[in-house]
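Here is the structure we will look at, set down as structure tokens.
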Amino acid sequence: MTSPDTSSHPAGADRTFQVDLRGLVDLLSHHLYSSPRVYLRELLQNAVDALTARHRLEPAAPAGAFGIRLYADGSVVRVEDDGVGLTEADVHTFLATIGRSSKRAEQVAEQRADFIGQFGIGLLSCFLVADEIHVLSRSARTPDAPAVEWRGRGDGSYTVRTLRASARPRPGTTVTLTPRADAGEWTRPAQVHALARHFGSLLRHPVTFDDGTHGTHGTDGPGGAPVNPEPAPWTRTYPTPGARSRALAAYGEEVLGFTPLDTIELDLPAVGLKGIACVLPDAVPAGRRHGHRVHVKGMLLSEQAEEILPEWAFFVRCVVDAESLRPTASRESLYEDDTLAAVRDALAERLRAWIARAAASDPDLLARFLKAHHLAVKSLAVHDDEILRMLLPWLPFETTDGHTTLDEFARTHRTVLVTSSVEEFRQVASIASAAGLGVVNGGYTYDRELVHRLPEIKPEASVADLDPATLTAHLDPVDRETELAAAAYLARARDALAVFDCDVALRTFQPASAPALLVDSREARHERTRSQLAREQEGGLWGDILGALRQEAPRAQLILNQLNPLVRTAVAIDEPELARTSAEALYGQAALLSRRPLRPAESSLINRSFLDLLAHALRKDS
């Protein structure tokens, strides 16, 4: 569009914005709509809203009296409805003014919540696939209203003509597009039919499609294949509750692509929402959120709407149809408002109720659910006291008795000990198990916090963090003669491992196959690192401050097992260098068994001690 002649406007006079329609269409296609395919959804939406207005005008009309007919033969795409239609004044007011919707006319303004569209820009989406939009309409508000023809072009120009009523014998509107050559992907007959099914399968008005092969493509003909032959499955009547459950599960599998572990029916009358939540049969990564299929008044709005459920509910996918949710301008997502927040809270409560029912009446279903989704439930239980009370005893944890529930584990162990990291659990698991200690791996997300809340559910249970002193107290000391005989070796071992701030002790413990246990927490290593930095800063003001604040850093401890034959042989070594090398090798083997990341010095020690022992063995054999 060209700029206005500014000479015709007196100084200070109001002016009107000039709109470059091609630029606006480019903006819509690249930033508002996700794909050109939405043109058909917008046409369907306009037709549905026109039918809604027609039923408001003629409330006595039967439910199926008015419908929508689609036609596509490869050369044109046509959408015809029996809706309220437009007068010539409506055409000038609404079709030629960007951003104004005919649904906002005074006659229906008070019922605008009954309409899908709220923004009045949907018709522009047709310019994504065509250079010209042809609209033929006849108003139902005036019995002998003439037909009105409007042609809009992508350059921003349009024409309007008034025609005889015979040009369109019945009230309603027909929109015809002549697709551009580059839009064939979205306007071929099969694709138009597929898009109509995709967007309109749950629409409440009858919709048919015709590709011209059956001779039923006249503007008034009722022929064509049904696009939405059946209503939504949750609105149908079934002979038994079991038949209803099977039908809902089959629908969920059809539209979502997986067989649900279970199907939860959703019904929120306050916002007119109905649908299903399908429980995923397999675990999903923590934090990964699936999109949900959301319909608004039957029209598919989005397949990736994450916002209708809280983050913890990533074990379900939903298909819902709602009356009161507001779409955004693109009508591809939901507007975040109080209604959406209330829906999210209400649906979350429905999921909690389903978990409660499974816990109370279907232990087999609960077991299958927890096997797949225990992480999701743990994340919920951390913040939800009700779920915590119901499910904490049933949740699986890694323990010294294997993977088991807290309820079973607490019956076996009077005191439940919990580690602060996976690394710490792996260090002590075999030794603690042999000593009869009950230890839970608290290193996984949520686990340590949940284990500490066990006494809230089972007051008789006792939970404590695992302290290295607790473990070493359960290791039996060796007799005095054995301790004295090993004293020289232990001294050499302590000297060899001093670089790692590691003490060495001799004990007896099961299993006898374990030569050594390295007790060294992540916190202790960090504290030793801080102490090392303090030593390096000695001297000057900062050295004095750090020296005054420094506490004795906790030391690692290598506990040698006197029951192990290899250790009994090692402590009897008289040769100093061989004794030192064997101590380094035992430390390296214990560090490897802990499965924690090795420091460079530890990796070097393991390699060096292995080569030294190999060289000693070769010299001995030669």
Side-chain angles (χ1 to χ4, degrees), residues 30-38 40-42 44-45 116 125 194-203 232-234 248-268 271-337 339-352 354 369 372-373 375-377 379-380:
H30 290 94
H31 300 285
L32 185 64
Y33 296 125
S34 61
S35 164
R37 68 177 185 166
V38 300
L40 191 68
R41 185 197 64 200
E42 297 298 313
L44 281 173
Q45 171 217 288
I116 303 171
S125 67
L195 291 176
R197 292 274 302 165
H198 179 73
F199 290 118
S201 63
L202 298 187
L203 289 175
W234 44 82
L248 294 178
Y251 179 77
E253 182 173 1
E254 177 187 351
V255 299
L256 298 177
F258 64 87
T259 302
L261 184 67
D262 197 20
T263 305
I264 308 163
E265 189 162 0
L266 306 174
D267 187 4
L268 304 179
V271 293
L273 183 145
K274 291 179 178 291
I276 55 174
C278 295
V279 182
L280 291 158
D282 301 307
V284 295
R288 176 181 173 186
R289 300 182 66 187
H290 284 289
H292 308 283
R293 288 177 63 96
V294 176
H295 300 251
V296 175
K297 301 177 179 68
M299 183 72 72
L300 179 64
L301 181 78
S302 173
E303 297 175 275
Q304 299 298 324
E306 297 180 351
E307 56 270 28
I308 65 168
L309 286 181
E311 291 186 5
W312 56 259
F314 53 79
F315 54 87
V316 297
R317 289 191 66 191
C318 296
V319 185
V320 300
D321 186 20
E323 294 288 334
S324 300
L325 295 179
R326 289 177 57 195
T328 59
S330 67
R331 285 180 285 278
E332 295 183 322
S333 59
L334 294 170
Y335 186 82
E336 188 68 45
D337 57 9
T339 300
L340 179 58
V343 166
R344 186 163 47 237
D345 291 343
L347 293 181
E349 187 57 37
R350 295 297 188 276
L351 297 185
R352 290 189 184 94
W354 174 83
F369 169 66
H373 300 295
L375 184 58
V377 176
S379 69
L380 174 59

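In this chain, numbering begins with 1 at the start of the sequence shown.
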| query | Are Leu301 and His295 close enough, and set up right, to give a side-chain contact (heavy atoms from CB on, under 4.5 Å), and what steps lead you there? | reply | CA-CA 5 Å; Leu301 181 78; His295 300 251; over 6 Å; no
| Who passes salt bridge (charged side-chain N to carboxylate O under 4.0 Å, His left out) against Arg352, sequence neighbours left out? | Glu349, Asp384
| With sequence neighbours excluded, what pairs up with Phe369 under the ring-ring contact (aromatic ring centres under 6.0 Å, His included) test? | Phe315, Trp354, His373
| task | Find out whether Arg41 and Leu44 are in side-chain contact, i.e. whether some heavy atom of one side chain is under 4.5 Å from a heavy atom of the other. | result | no
| message | Applying side-chain contact (heavy atoms from CB on, under 4.5 Å), can you list everything that pairs with Ala277, at least two apart in sequence or on another chain? | response | Ile264, Leu266, Val316, Cys318, Leu351
| request: Would you name the heavy atoms of Ala376 and Ser379 that are closest together and state the gap between them? | output: O-OG, 2.6 Å
| message | Please find the pair of heavy atoms, one from Leu261 and one from Pro281, that lie closest to each other, and give the distance. | response | CB-CA, 4.2 Å
| note | What one should report as the nearest heavy-atom pair of Ala341 and Glu336 is N-OE2, 4.5 Å
| Test item: Leu268 and Val320 side chains (from C-beta on) under 4.5 Å apart, heavy atoms | no
| message | The criterion is salt bridge (charged side-chain N to carboxylate O under 4.0 Å, His left out); which residues satisfy it with Arg350, sequence neighbours excluded? | response | none
| field | For the student: nearest non-hydrogen atoms of Val294 and Ala305, plus distance | value | CG2-CB, 3.6 Å
| For Ala372, what residues pass the side-chain contact (heavy atoms from CB on, under 4.5 Å) criterion, not counting sequence neighbours? | none
| request: Would you indicate whether the side-chain heavy atoms of Pro260 and Val279 approach each other to under 4.5 Å? | output: no
| field | Exercise: do His292 and Gln304 side chains pair donor with acceptor under 3.5 Å | value | no
| query | Side chains of Trp234 and Asp321: does their closest heavy-atom pair fall under 4.5 Å? | reply | yes
| request: Mind checking side-chain contact (heavy atoms from CB on, under 4.5 Å) for Val255 and listing every partner two or more places apart, or none if nothing turns up? | output: Tyr251, Arg293, Val319
| message | Taking the side chain as everything from C-beta on, heavy atoms only, tell me whether Val271 gets closer than 4.5 Å to Thr339. | response | yes
| Contacts of Asp345 that satisfy side-chain contact (heavy atoms from CB on, under 4.5 Å) - sequence neighbours left out | none
| remark: By ring-ring contact (aromatic ring centres under 6.0 Å, His included), Trp312 pairs with (sequence neighbours left out) none
| task | Can you sort out the partners of Glu253 under salt bridge (charged side-chain N to carboxylate O under 4.0 Å, His left out), two or more places apart, ordered by chain and number? | result | none
| message | Rounded to the nearest 0.5 Å, what separates atom CG in Asp262 from atom CG in Leu280? | response | 12.0 Å
| said: Arg37: which residues meet the side-chain hydrogen bond (donor to acceptor under 3.5 Å, both in side chains) condition with it, sequence neighbours left out? | reply: none
| If you measure from CD on Glu306 to CZ on Arg344, what distance do you get to the nearest 0.5 Å? | 11.5 Å
| field | Nearest atoms (heavy-atom pairs only) where Glu323 meets Lys297 | value | O-NZ, 2.7 Å
| request: Work out which heavy atom in Ile276 is nearest to a heavy atom in Cys278; give both atom names and the distance. | output: CD1-SG, 3.9 Å
| query | Do the side chains of Val343 and Leu325 get nearer than 4.5 Å, heavy atoms only? | reply | yes
